[in-house]
Amino acid sequence: MPEKSDKNYRERVYRIVRSIPPGRVMTYGQLAEILGDGYTPRTVGFVMHGSDDKTPWHRVLNAQGGCSTRGIVLPHDKQQRMLEAEGVCFNDRGRCDLRTYLWIPGEKTRNRAPSRKTTLFTN
DNA sequence: GACTTGACTAGAC
DNA sequence: AGTCTAGCCAAGT
């Protein structure tokens with residue numbers, strides 16, 4: 001149980017993000033839900049903004065399976081490229097299939113399903 | 001201490 | 001399928 005220290009929750013976020021294996025991705029909402037203490041995707045995003053090089057921030061995507069870097073200093077292509085290097089396939093719209101690549105902590109690693117026509121989860 | 005901004009999301013139109 | 005709105009929390013001003 002964290003004591004709700006100032007920067008404790010941030011480390012918690014980093015820790016979770018670091019636990020994401022290569023070739024897998026997580027969403028801000030998912031992270032917020034894991035944190036649970038009333039944290040929201042916004043907060044997670046803000047934390048990720050100050051992530052270190054040790055944190056695989058590129059494995060964190062938005063709920064739509066795309067990069068929400070909002071064109072700050074990070075070229076969205078960069079993140080996509082890094083993920084592609086790890087085996088994540090993106091469609092023409094720059095979105096990956098979360099149903100296939102979404103990582104859920106605690107779940108067993110399952111083989112990556114073959115690209116099923118790049119159908120989006122929320123059709 | 002109030003106001004604004006931000007690497008978000010879900011729901012409504 | 002795309003656009004708009006409201007809710008949410010933390011940090012900076």
Side-chain angles (χ1 to χ4, degrees):
Chain A
M1 275 320 221
E3 296 182 8
K4 204 167 196 308
S5 290
D6 295 341
K7 302 170 181 180
N8 202 342
Y9 82 96
R10 274 185 249 180
E11 303 239 348
R12 201 144 128 233
V13 176
Y14 295 148
R15 164 135 191 146
I16 296 172
V17 174
R18 260 185 249 127
S19 70
I20 305 174
R24 289 286 169 158
V25 297
M26 260 185 113
T27 67
Y28 298 97
Q30 183 97 43
L31 282 166
E33 192 165 339
I34 291 172
L35 291 169
D37 294 337
Y39 297 118
T40 64
R42 282 251 183 217
T43 308
V44 176
F46 201 84
V47 173
M48 293 307 299
H49 182 245
S51 62
D52 304 37
D53 296 341
K54 284 186 74 159
T55 309
W57 52 268
H58 57 277
R59 290 180 196 146
V60 182
L61 305 178
N62 57 23
Q64 300 172 359
C67 316
S68 290
T69 50
R70 203 136 206 230
I72 259 198
V73 191
L74 307 167
H76 57 282
D77 287 6
K78 173 85 173 183
Q79 180 166 10
Q80 179 175 334
R81 215 149 88 84
M82 291 174 75
L83 286 174
E84 283 179 346
E86 293 183 351
V88 178
C89 292
F90 284 79
N91 56 22
D92 293 343
R93 292 174 105 220
R95 288 186 220 184
C96 67
D97 193 348
L98 288 181
R99 186 204 35 145
T100 301
Y101 299 108
L102 186 65
W103 168 253
I104 301 168
E107 293 287 322
K108 289 186 177 181
T109 337
R110 59 191 294 190
N111 290 334
R112 295 176 207 153
S115 51
R116 269 191 209 170
K117 282 198 173 184
T118 66
T119 305
L120 290 180
F121 47 98
T122 162
N123 193 358

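In this text, all values refer to a predicted model and were calculated from it rather than measured experimentally. Every chain is numbered from 1, with letters handed out A, B, ... down the list of sequences.
- In this structure, Tyr28(A) atom OH and dA7(B) atom P are separated by 9 Å, rounded to whole Å.
- We find that CD of Gln30(A) is positioned 10 Å from P of dA10(B), with the value rounded to whole Å.
- Closest to the Ala63(A) side chain, of the nucleotides dG2(C), dA10(B), dC9(C), is dA10(B).
- Taking atom CZ on Arg95(A) and atom C1' on dT9(B), their separation rounds to 14 Å, with Å as the unit.
- Residues forming a side chain to side chain contact (heavy atoms under 4.5 Å, CB included) with Thr40(A) (at least two apart in sequence, or on another chain): Arg42(A), Thr43(A).
- Results of the side chain to side chain contact (heavy atoms under 4.5 Å, CB included) test with Val25(A) over Leu98(A), Val60(A), Ile20(A) single out Leu98(A) as the only residue that passes.
- Taking atom CD of Gln64(A) as the reference point, atom P of dG11(B) lies 13 Å away to the nearest angstrom.
- Across dA7(B), dA11(C), dG2(C), the shortest atom-to-atom separation from the side chain of Tyr9(A) is found for dA11(C).
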>> Let's test your reading of the pairing rules: Watson-Crick or G-U wobble, both distances under 3.5 Å, then write DNA chain B as a dot-bracket string with ( ), [ ], | and dots.
In response: .|||||.||||||

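- Between dA11(C), dA1(C), dA10(C), one nucleotide has an atom nearer to the side chain of Phe46(A) than all others, and that is dA11(C).
- Residues meeting the side chain to side chain contact (heavy atoms under 4.5 Å, CB included) test with Tyr14(A), sequence neighbours left out: Arg10(A), Arg18(A), Val47(A), Ser51(A), Asp52(A), Thr55(A).
- Every residue meeting the side chain to side chain contact (heavy atoms under 4.5 Å, CB included) condition with Pro41(A), not counting sequence neighbours, appears here in chain and number order: Tyr28(A), Ala32(A).
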>> Base contacts versus sugar-phosphate-only contacts with protein, heavy atoms under 4.0 Å: please encode nucleotides 3-8 of chain C as B, S and - from 5' to 3'.
In response: ----BB

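- When the side chain to side chain contact (heavy atoms under 4.5 Å, CB included) test is applied to Glu84(A), the partners found at least two apart in sequence or on another chain are Gln80(A), Phe90(A).
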>> Could you go through Leu83(A) and His58(A), starting from their C-alpha distance and side-chain angles, then the distance that decides it, and tell me whether this counts as side chain to side chain contact (heavy atoms under 4.5 Å, CB included)?
In response: CA-CA 7 Å; Leu83(A) 286 174; His58(A) 57 277; 3.9 Å; yes

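- Protein atom NZ of Lys78(A) is 19 Å distant from nucleotide atom P of dA7(B), rounded to whole Å.
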>> For Asn91(A) and Cys96(A): C-alpha separation, side-chain torsions, deciding distance, then whether side chain to side chain contact (heavy atoms under 4.5 Å, CB included) applies.
In response: CA-CA 6 Å; Asn91(A) 56 22; Cys96(A) 67; over 6 Å; no

>> What verdict does the side chain to side chain contact (heavy atoms under 4.5 Å, CB included) test give for Thr69(A) and Lys78(A), after you've listed the backbone C-alpha separation in whole Å, the side-chain angles of each residue and the deciding distance to 0.1 Å?
In response: CA-CA 10 Å; Thr69(A) 50; Lys78(A) 173 85 173 183; over 6 Å; no

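- Rounded to an integer number of Å, the gap from Leu35(A) CG to dA10(C) P is 11 Å.
- Between Arg10(A) and dA10(C) there is no side-chain polar atom (N or O) within less than 4.0 angstrom of OP1 or OP2.
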> So Met48(A) and Val13(A), side chain to side chain contact (heavy atoms under 4.5 Å, CB included) or not? Walk me through it.
Replying inline: CA-CA 8 Å; Met48(A) 293 307 299; Val13(A) 176; 4.0 Å; yes

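- Residue Thr43(A) is the one, among Leu61(A) and Thr43(A), whose nearest nucleotide of DNA chain B lies closer to the 5' end (criterion: closest heavy atom).
- Rounding to whole angstrom units, CG of residue Asn62(A) and P of dG6(B) are separated by 17 Å.
- The separation between His49(A) atom NE2 and dT5(B) atom C1' is 11 Å, rounded to whole Å.
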